[in-house]
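First the structure, in the form of structure tokens, and then the observations on it.
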Amino acid sequence: ETLDATGLHLLPGAIDVHVHFREPGYTHKEDWRTGTEAASMGGVTTVFEMPNTNPPTRSVAELRRKQDCAQKACVDFGLYGLMAEDNVAELEALAAAGANAFKCFMGNTFGNLPSPSTGAMLEGFEIAAALGLRVSLHAETASIMAWRQARLEAAGLDHPLAHIGARPEIVAIEAVGRAAALAEWTGARIHVLHISSAGELVPLADAKRRGVDVTGETCPCYLMLDSRDYARLGPVIRVNPPVREAKDSAALWDALRSGVVDMIATDHAPHTPEEKRRGRIWDADCGFPGVETQMPLMLTAVNEGRITLEDYVGMSAVKPARAFGLWPMKGRIAPGAHADIAVVDLARRETVAADRLHSRGRITPFEGVETVGAPVHTLVRGRLVQRDRRLVEGVAGWGRQVTDIQRMPAPRPRNADQSLRALLAGGRP
Ligand code: NCD
Ligand code: ZN
Ligand code: ZN
């Protein structure tokens, strides 16, 4: 059986460092089979999956449970361990059991995981720095949001843009700046998830200038939607952080081209249509699926000349691989070198339709959008998992956890004499 690639392009499969596959706990929204099938349809060959499942992935037992759930994956995956107030003592064991990175929810979002105090974050960052695992941040400040949302809801506000008002840019600016200060102090490597605003780019760029190892991602919704879409889409558009103004998406495109924002991730956050359409914007579950539509949407931007194909490969595969320790390293020459490949037809025209998504969350703010360019085949470690825009049979379980992550421990704690770990270990104060 041969694969004819005449006129097609071979791209390294996308590495999506931000997906929610919902299992265990919320399998009516997604599970590891449907989530990874959606990824394979989207040309995504490796995903990093978030810990806000039920139970959350915050201990070794819970990580093992998620590894069991992920047995049916058809693409490769990394797993996040939660970094929270009450599990700082577990982080080393989580890493030893195979957590590939940590996730810290600085602000409230789906799953209602309380944000750790800044003190707990400082200690968690110190541990992550010593372990050499990256910490990905939901960078919104819980206390600011809680205050504003309570005030707006009490006033009975039903304006479609209230969701932005409850989570103004300052919420993210403050969180990115604070996380960067903690990373600089401890030597931790951090990653800012779902960058939505022009404002956040200032502390992000500044931290990079200071030499902090910080990377950032944005998602198609922040590039391709803005406040003018709220009236048309209603609660479907609800996502944390919110889709903002046209000036923000313009700034995010610029930041992607200049490299201030390193990569594209999807924040694939499926919910059922009923959970999305239940009244006012506050009442809708936040987020929507994305792992399947990212590549067609971004290849459309390539076709429109907004970014080059080389830029796209950098932001979808090369930079995520570098940031999360998948490359360069022994045995891995480059992203795609293990035949993790998206075979792409740059001229293929499709229309996004929720009822054709492979995710269980069959609702998308991109409904009806016409795309040009799509992954027509997907290979994971040389094996076809998607062929001719269809799932390949019998590939459940082919996906493996990425165990060969290159850890990058900080050379030594930057402020060793004030390190809490050193003090607790009886070191010199
Ligand atoms: C995510 C989810 O549903 O898990 N939702 C979202 O709006 N982005 C959580 C998150 O990434 O904050
Ligand atoms: Zn988030
Ligand atoms: Zn998310």
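Both counts, for ligands and for their atoms, begin at 1 and track the order of listing. As a basis for the values below, the full set of heavy atoms in this structure was taken, side chains included, without hydrogen atoms, waters or symmetry mates.
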Intermediate values then yes/no, ring-ring contact (aromatic ring centres under 6.0 Å, His included), His18 and His194: CA-CA 9 Å; His18 186 171; His194 46 38; 5.3 Å; yes
Closest approach to the Zn ion (ligand 3) by Asp267, given as the N, O or S atom name: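 Distance check against the Zn ion (ligand 3) picks out OD1 in Asp267.
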Which atom of His138 approaches the Zn ion (ligand 2) most closely (N/O/S):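 Per the distance ranking, His138 contributes ND1 as its closest N/O/S atom to the Zn ion (ligand 2).
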Would you mind listing which atoms of ligand 1 come within a distance below 4.0 Å of any non-hydrogen atom of [X]?
X: Ala269; answer: 1 (C), 2 (C), 3 (O), 5 (N)
X: His271; answer: 3 (O)
X: Phe110; answer: 2 (C), 3 (O), 4 (O)

Starting from [atom], what is the nearest protein heavy atom, named by residue and atom, and what distance separates them?
atom: atom 5 (N) of ligand 1; answer: Cys286 O, 3.2 Å
atom: atom 8 (N) of ligand 1; answer: Asp267 OD2, 2.7 Å
atom: atom 9 (C) of ligand 1; answer: Thr109 OG1, 3.3 Å

Residue-ligand contact Arg22/ligand 1, heavy atom below 4.0 Å: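 Contact present.
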Arg238 to ligand 1, any heavy atom closer than 4.0 Å: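 False for this residue.
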Under 3.5 Å: donor-acceptor pair, side chain of Tyr80, backbone of Thr57: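 No, because the side chain of Tyr80 does not come within donor-acceptor range (under 3.5 Å) of the backbone of Thr57.
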CZ/Arg257: more than 12 non-hydrogen atoms of other groups inside 6.0 Å: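 Buried by this count: over 12 neighbours within 6.0 Å.
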Within 6.0 Å of CZ in Arg383, more than 12 heavy atoms from elsewhere: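 Above 12, so yes.
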Contact (N/O only, under 3.5 Å) between Asn240 and ligand 1: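 Yes - when backbone and side-chain N and O of Asn240 are compared with those of ligand 1, one distance drops under 3.5 Å.
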Sub-6.0 Å ring centroid separation between Phe77 and Phe21: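 So the answer is no for these two rings.
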The Zn ion (ligand 3) to nearest N/O/S of His18 less than 2.8 Å: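 Yes, since at least one N, O or S atom of His18 sits under 2.8 Å from the Zn ion (ligand 3).
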